[in-house]
Amino acid sequence: MSSRTPLIAGNWKMNKTIAEAEEFISGLLPHVFAADGVDIGICPPVTALQAMVDSARGSAVRVYAQNMHQADSGAFTGEVSAAMLTELEIQGVVLGHSERRELFGETDKALALKVPKALEAGLEPILCVGEAEEERERGDTERKLRHQIQEGLAKVADDRLADVVIAYEPIWAIGTGLTATPEQAQEACAFVRALVAQRSDDAAQRLRVLYGGSMKPDNAAELLALPDVDGGLVGGASLDPASFAAIVEAAGA
Ligand code: 13P
């Protein structure tokens, strides 16, 4: 049994107005009031961050942003900086989600700056990695993960590596209803940990690796029981308080 505390984080993507987010959190809090031995996170859109910090204050629920720019300030229309996020008293930030990589041109080069920037600011980065269907079919899964992780962590000092959370999200499983098999999830998450071990064995043992991609109440327990899966980054199933709470419960069991 690993000593890593599981993290279940709900990535809402571009869903929920402030009013809808408030409705969600009032529905969720009674379910997770007594949650023990599991960290719980929600990743609302930037407009609802402040409201969720206020509403979740004093509870077990942490609030994460979905993106952050690497610069301190400047002419970057539409972007938010680390200081703008820490001012809201949020706990962390998702970085390098495949949707940002595919649809908004997020690069490994930018992520190499974003991850240490988040750490420096006191934000817990959740660095997302994962292969596309064609890459898996070609046998390139490990090559893709190696590249994304080496680049994303290149400027993180060895003694901060364990403070990064890595989310393995196979692109073909995101929003498709297709979930990686337990064997596929375990193999990839163990590989991610082995890559970190090439930098620091100690960090690799402490670092949390999450699985993401169509995680639902009915498949969560099986995935979360895998030795190298330390939680989940949940999309669709995190939008409903009862289904999200059921996944949190599966992690705590
Ligand atoms: P789904 O759970 O909707 O497949 O999304 C996963 C995801 O992208 C979480 O970041």
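Both ligands and their constituent atoms are indexed starting at 1 by order of listing. In what follows, residues are counted from 1 in the order of the sequence shown. All figures in this text were calculated on a predicted structure; none of them were measured in a lab.
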* Asked: Are D158 and S200 close enough, and set up right, to give a side-chain hydrogen bond (donor to acceptor under 3.5 Å, both in side chains), and what steps lead you there?
  -> CA-CA 6 Å; D158 287 358; S200 160; over 6 Å; no
Is the shortest distance from a Lys or Arg side-chain nitrogen in [X] or [Y] to a carboxylate oxygen in the other one below 4.0 Å?
X    : Y    : value
E151 : K109 : no
K144 : E135 : yes
R101 : D108 : yes
E120 : R160 : no

Would you tabulate the polar-atom pairs, meaning N/O of ligand 1 against N/O of the protein, with distances under 3.5 Å, reported to 0.1 Å?
from, atom 1, to, atom 2, distance (Å)
ligand 1, 2 (O), S214, N, 3.4
ligand 1, 2 (O), G235, N, 2.9
ligand 1, 3 (O), G236, N, 2.8
ligand 1, 4 (O), G175, N, 2.6
ligand 1, 4 (O), S214, N, 2.8
ligand 1, 5 (O), K13, NZ, 3.3
ligand 1, 8 (O), K13, NZ, 2.8
ligand 1, 8 (O), H97, NE2, 2.8
ligand 1, 10 (O), N11, ND2, 3.0
ligand 1, 10 (O), H97, NE2, 2.9
ligand 1, 10 (O), E169, OE1, 3.2
ligand 1, 10 (O), E169, OE2, 2.9

* Parallel, tilted or perpendicular: ring planes of Y211 versus Y168, cut at 30 and 60 degrees ->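 Correct class here is tilted.
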